[in-house]
Amino acid sequence: DISNTIEKLILVTLNLFNEHAVGLIFIKNDDTNVITQVKYIDSLNKPIPQELNQLLVDCSNIKINLQEISVEQQKYANCGPEVIENFIFYLTGARVSQEQAIELHSKLIENTLLNINVSDVHLLFDQQCNSCESTHFEQSESEYMYELSYNNVY
């Protein structure tokens with residue numbers, strides 16, 4: 001139940017129909033603590049399923065303003081890491097490439113299993129981004145970093 005949380009921004013991953021990972025971003029109004037925006041992210045850029053849309057509409061504590069966010073389409077069977085990377089991109093404006101995301105997320109899981117200090121996690125991201133810049137920025141930055149575009153859904 002995300003409506004009872006005190007956070008103003010809530011990121012939720014969903015496993016749609018036990019087949020595909022997508023993300024939802026819930027944004028609350030600062031004054032009323034009511035969810036005022038929901039953003040849907042699908043790395044296949046498919047529209048929100050009708051069942052999920054209806055569930056959000058039927059939820060009485062959400063004043064629905066749903067937007068679908070178009071992102072770079074996944075190139076591999078990597079929807080899980082892509083949800084996470086698209087969340088990171090939404091929040092920070094930076095992300096690692098699809099090719100580097102699997103390696104980065106594998107390292108993060110390995111570090112967790114080995115009890116490596118979580119405060120060192122940003123170093124892994126920085127290393128990936130730096131190698132990303134050196135290999136991919138032969139193109140312009142705008143060609144590499146895709147832009148989020150929003151589509152209102154009612």
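For the single chain, residues carry numbers from 1 onward in sequence order.
No side-chain N or O of Y76 forms a donor-acceptor pair with one of E82 less than 3.5 Å apart. There is a side-chain donor-acceptor pair under 3.5 Å between S97 and Q100. No side-chain donor from either of K75 and Q98 sits under 3.5 Å from a side-chain acceptor of the other.
No side-chain heavy atom of T36 sits under 4.5 Å from any side-chain heavy atom of N65. When side chains are defined from C-beta on, Q37 does not count as touching N29, because their heavy atoms never get closer than 4.5 Å. Looking at heavy atoms from C-beta onward, F17 lies in side-chain contact with P49 at the 4.5 angstrom threshold. Looking only at side-chain heavy atoms (C-beta outward), L9 and L91 come within less than 4.5 Å of each other. Between N15 and N18 there is a side-chain heavy-atom pair separated by less than 4.5 Å. Side chains of Y40 and I25 form no contact here, defined as non-hydrogen atoms less than 4.5 Å apart. Residues N53 and V57 meet the side-chain proximity criterion, which asks for heavy atoms closer than 4.5 Å. Side-chain contact between I35 and I27 is absent, with no heavy atoms from C-beta onward closer than 4.5 Å.
Of the options E103, E110, H105, a side chain to side chain donor-acceptor pair (under 3.5 Å) to K107 is made by E103 and by none of the others. Screening V22, V83, N86, N78 for a side-chain contact (heavy atoms from CB on, under 4.5 Å) with S43, the sole residue that qualifies is N86.
The shortest non-hydrogen separation linking V12 to F87 is O-CZ, 3.5 Å. Residues I102 and P81 share a closest heavy-atom pair of CD1-CG, 3.5 Å.
With a 6.0 Å radius and a threshold of 12 heavy atoms from other residues, nucleotides or ligands, K8 has its NZ atom above the threshold.
Atom CG of L11 and atom CD1 of I2 lie 10.5 Å apart (nearest 0.5 Å). Once rounded to the nearest 0.5 Å, the distance linking CG of L104 with CZ of R95 reads 10.5 Å. Distance check: L52 CG to L56 CG gives 5.0 Å after rounding to the nearest 0.5 Å. Residue T92 holds its OG1 atom at 8.5 Å from CD of E85, rounded to the nearest 0.5 Å. Here L113 contributes atom CG and L108 contributes atom CG; the two are 11.0 Å apart, rounded to the nearest 0.5 Å.
The main-chain N or O of V71 is found under 3.5 Å from a side-chain atom of N45 such that the two form a donor-acceptor pair. Between the side chain of E68 and the backbone N or O of I41, no donor-acceptor pair lies under 3.5 Å.
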Begin from the C-alpha positions of K39 and Y90 and carry the test side chain to side chain contact (heavy atoms under 4.5 Å, CB included) through to its verdict.
CA-CA 10 Å; K39 298 179 186 298; Y90 176 81; 3.1 Å; yes

Intermediate values then yes/no, side chain to side chain contact (heavy atoms under 4.5 Å, CB included), Q74 and H20:
CA-CA 12 Å; Q74 73 181 47; H20 179 60; 3.7 Å; yes

Under the criterion side chain to side chain contact (heavy atoms under 4.5 Å, CB included), I'd like the reasoning laid out for D42 against I69: C-alpha separation, chi angles, the key distance, then a yes or no.
CA-CA 8 Å; D42 180 353; I69 300 176; over 6 Å; no

Check the pair I10, K28 against side chain to side chain contact (heavy atoms under 4.5 Å, CB included), reporting the backbone distance first and the verdict last.
CA-CA 8 Å; I10 303 116; K28 291 184 176 183; 3.8 Å; yes

